[in-house]
Number of protein chains: 2
Amino acid sequence: MAITVVGSVAYDSVETPAGKYDRQLAGAATYFSLAASYFTQVRVIAVVGEDFGAEQEAVFHAHKIDTGGIERAPGKTFFWQGSYMDNLNEAKTHRTDLNVFAGFEPKIPAAYADSEFLFLANIDPVLQRRVREAMPGVKLVAGDTMNYWIKDHKPALLEMLKGLDIFVINDTETRMLAANNNLVQAARAVMSLGPRFLVVKHGEYGATLFHGSDPNGGSAERAFRAPALPLEEVVDPTGAGDSFAGGFFGYIASQKELTPATFRHAMFYGSVMGSFAVERFGIERLVNLSRKEIDERFALFRELTHLE
Amino acid sequence: MAITVVGSVAYDSVETPAGKYDRQLAGAATYFSLAASYFTQVRVIAVVGEDFGAEQEAVFHAHKIDTGGIERAPGKTFFWQGSYMDNLNEAKTHRTDLNVFAGFEPKIPAAYADSEFLFLANIDPVLQRRVREAMPGVKLVAGDTMNYWIKDHKPALLEMLKGLDIFVINDTETRMLAANNNLVQAARAVMSLGPRFLVVKHGEYGATLFHGSDPNGGSAERAFRAPALPLEEVVDPTGAGDSFAGGFFGYIASQKELTPATFRHAMFYGSVMGSFAVERFGIERLVNLSRKEIDERFALFRELTHLE
């Protein structure tokens with residue numbers, strides 16, 4: 001089933017201990033759709049500038065990603081410059097040029113209307129909510145956010161959360177949003193704001209899926225932990241979270257039935273796609289994968305946690 | 001099969017956001033032996049002062065732990081005062097009185113000589129090595145250390161490591177000892193120092209077992225990740241690592257064969273015992289467990305990571 005994703009398509013300049021690159025195609029919607037494209041049809045809503053051309057378009061088309069919703073606006077594409085020199089777990093932002101993204105007003109192509117799945121990547125929660133309301137027919141809505149919106153745009157974020165089924169954020173964001181350092185309590189508080197499912201990403205330690213709240217106060221029965229692969233080398237952490245979300249939601253959208261096992265497998269596929277993303281610079285690894293490589297790595301993950 | 005453990009038996013005064021306690025029976029060897037006692041016979045080597053009496057002795061005897069190797073010395077028992085007010089993952093030390101521990105010279109009772117398993121809890125690596133050499137007949141030796149010994153007593157630590165089969169430390173210690181921030185590379189470096197198995201504890205994110213080194217540079221085939229239980233409330237983190245080690249090594253010592261499945265189950269039992277330890281203050285939860293409760297929690301852990 002098709003996923004529509006709304007989010008940023010951008011150019012990134014990034015420096016890591018392993019090297020650097022300048023103004024390469026990136027952005028949350030790009031990482032998400034490439035990762036999800038190995039599982040299902042993806043349709044993108046974004047805005048780009050006059051510096052986005054046939055070459056960039058071809059990256060999406062090679063993965064059968066529908067770019068009909070990528071609007072061309074006068075000016076330049078969103079640009080981000082960052083580095084991970086001290087700490088691979090935390091990006092240092094050197095420059096953010098919103099460019100055409102500053103005036104982004106998402107428009108949904110008629111051809112996207114039958115999408116059953118919607119992913120709201122990290123953008124202004126006002127825009128996330130607008131897209132969600134413009135697509136009332138979707139079956140399942142997932143979304144992401146970042147600390148900036150939690151700190152400075154909380155009312156808009158809380159409104160947006162009411163329309164989410166699955167919220168995909170990291171530890172710090174979960175604790176910050178709930179103002180509670182205990183992850184289980186924080187997760188419960190976040191789910192009380194709307195989403196039935198909460199996926200908390202722990203970076204190199206994997207991710208936890210929380211679902212429902214247990215009236216007895218217990219929690220373990222309602223959680224599932226997927227590991228991350230212990231990696232020999234992390235070349236570039238950029239896009240790891242978006243690739244996780246793409247693998248996770250892409251797998252879900254590819255399944256006929258949404259059972260607990262579907263969600264558990266989805267957590268593993270999310271971790272698999274995140275592990276591929278960080279092995280090379282930018283989107284390099286994500287554009288050159290095969291489903292066979294993905295399933296082989298899935299088997300490695302299974303082996304990593306399988307008890308006997 | 002019996003485990004001999006050498007380490008600290010102490011009194012702790014601890015403050016956490018959930019409350020505090022004064023001068024309660026504690027110490028690495030105490031937590032370790034209580035946790036391990038649910039799986040196998042445990043024998044302790046330690047030194048205590050004149051303030052250690054029948055009441056404390058009874059705690060060990062209730063768990064059939066052999067205290068023949070706990071030496072009484074003139075003076076007071078080792079005392080530690082700490083708190084976890086800002087961060088449950090990191091103890092702040094307020095006071096350390098070595099007392100009788102300052103002159104500790106481990107003596108091994110003749111009755112301990114047939115122990116097949118030896119655990120060297122966190123003490124001076126010179127003493128760890130001495131105990132290890134005094135028990136050449138043991139089948140499997142595991143040990144712990146802490147940042148202090150890595151920083152200021154590295155030569156002695158490196159000598160001790162040559163005699164270890166299994167090294168149980170945390171992320172920070174692994175990275176510090178290897179002077180390498182990548183966990184996989186750091187683990188390989190640490191294993192090249194002696195231990196065939198390395199258990200890296202990740203606190204609330206579980207633990208990873210590394211074993212052997214893959215000549216092809218791959219690593220995932222040689223790692224196993226056990227989760228930690230997402231806990232509603234952590235009352236007191238003191239002794240979590242020692243309880244993990246006790247559950248891990250106690251389970252191993254209880255098994256006839258040391259297969260990969262044995263080690264995987266041991267990682268889960270370690271996590272189980274760690275999760276119990278932090279639920280109450282000090283050793284409170286560890287002294288009042290049943291094997292049934294332990295196995296029920298083991299099932300919860302399995303459910304937490306089981307794919308389908």
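Protein chains get the first letters and strands the later ones, always in sequence-line order, with residue 1 at the start of each.
The backbone N or O of Gln185(B) sits nowhere less than 3.5 Å from a side-chain atom of Glu232(A) that would complete a donor-acceptor pair.
For the atom pair NE2 of His306(B) and CZ of Arg264(A), the computed distance is 8.0 Å after rounding to the nearest 0.5 Å. The structure places CG of Leu183(B) at 6.5 Å from OH of Tyr205(A), a figure rounded to the nearest 0.5 Å. Taking CD of Glu204(A) as the reference point, atom OG1 of Thr208(B) lies at 9.0 Å (rounded to 0.5 Å).
Residue contact with chain A, scored on non-hydrogen atoms closer than 4.5 Å, involves the side chain of Arg302(B) exclusively. Residue Ala226(B) does not touch chain A at all, counting heavy-atom pairs closer than 4.5 Å. In this structure, chain B has no heavy atom under 4.5 Å from any part of Asn181(A). Of the two parts of Phe268(A), only the side chain, counted from C-beta on, holds a non-hydrogen atom closer than 4.5 Å to a non-hydrogen atom of chain B.
Pro230(B) places a side-chain heavy atom less than 4.5 Å from the side chain of Val184(A). The shortest distance between side-chain heavy atoms of Arg225(B) and Arg225(A) does not fall below 4.5 Å.
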Please output the side-chain donor-acceptor pairs of residues 85-93 of chain A that fall under 3.5 Å, not counting sequence neighbours, one pair per line with the distance.
unit_1: Asn87(A); atom_1: OD1; unit_2: Asn89(A); atom_2: N; d: 2.8
unit_1: Thr93(A); atom_1: OG1; unit_2: Trp80(A); atom_2: NE1; d: 3.1

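In this structure, Met1(B) places its CE atom where only 12 or fewer heavy-atom neighbours from other residues, nucleotides or ligands lie under 6.0 Å away.
Chosen from Pro260(B), Ala228(B), Gly206(B), the residue pairing most often with chain A at heavy-atom distances under 4.5 Å is Ala228(B).
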Q.
Please evaluate residues Leu307(A) and Phe298(B) with respect to the criterion side chain to side chain contact (heavy atoms under 4.5 Å, CB included), reporting the C-alpha separation (whole Å), side-chain torsions for both, the decisive distance (0.1 Å), and the verdict.
A. CA-CA 11 Å; Leu307(A) 206 43; Phe298(B) 182 93; 3.6 Å; yes
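In plain terms, the two heavy atoms of Asn182(A) and Val234(B) that are nearest each other are ND2-N, 4.3 Å.
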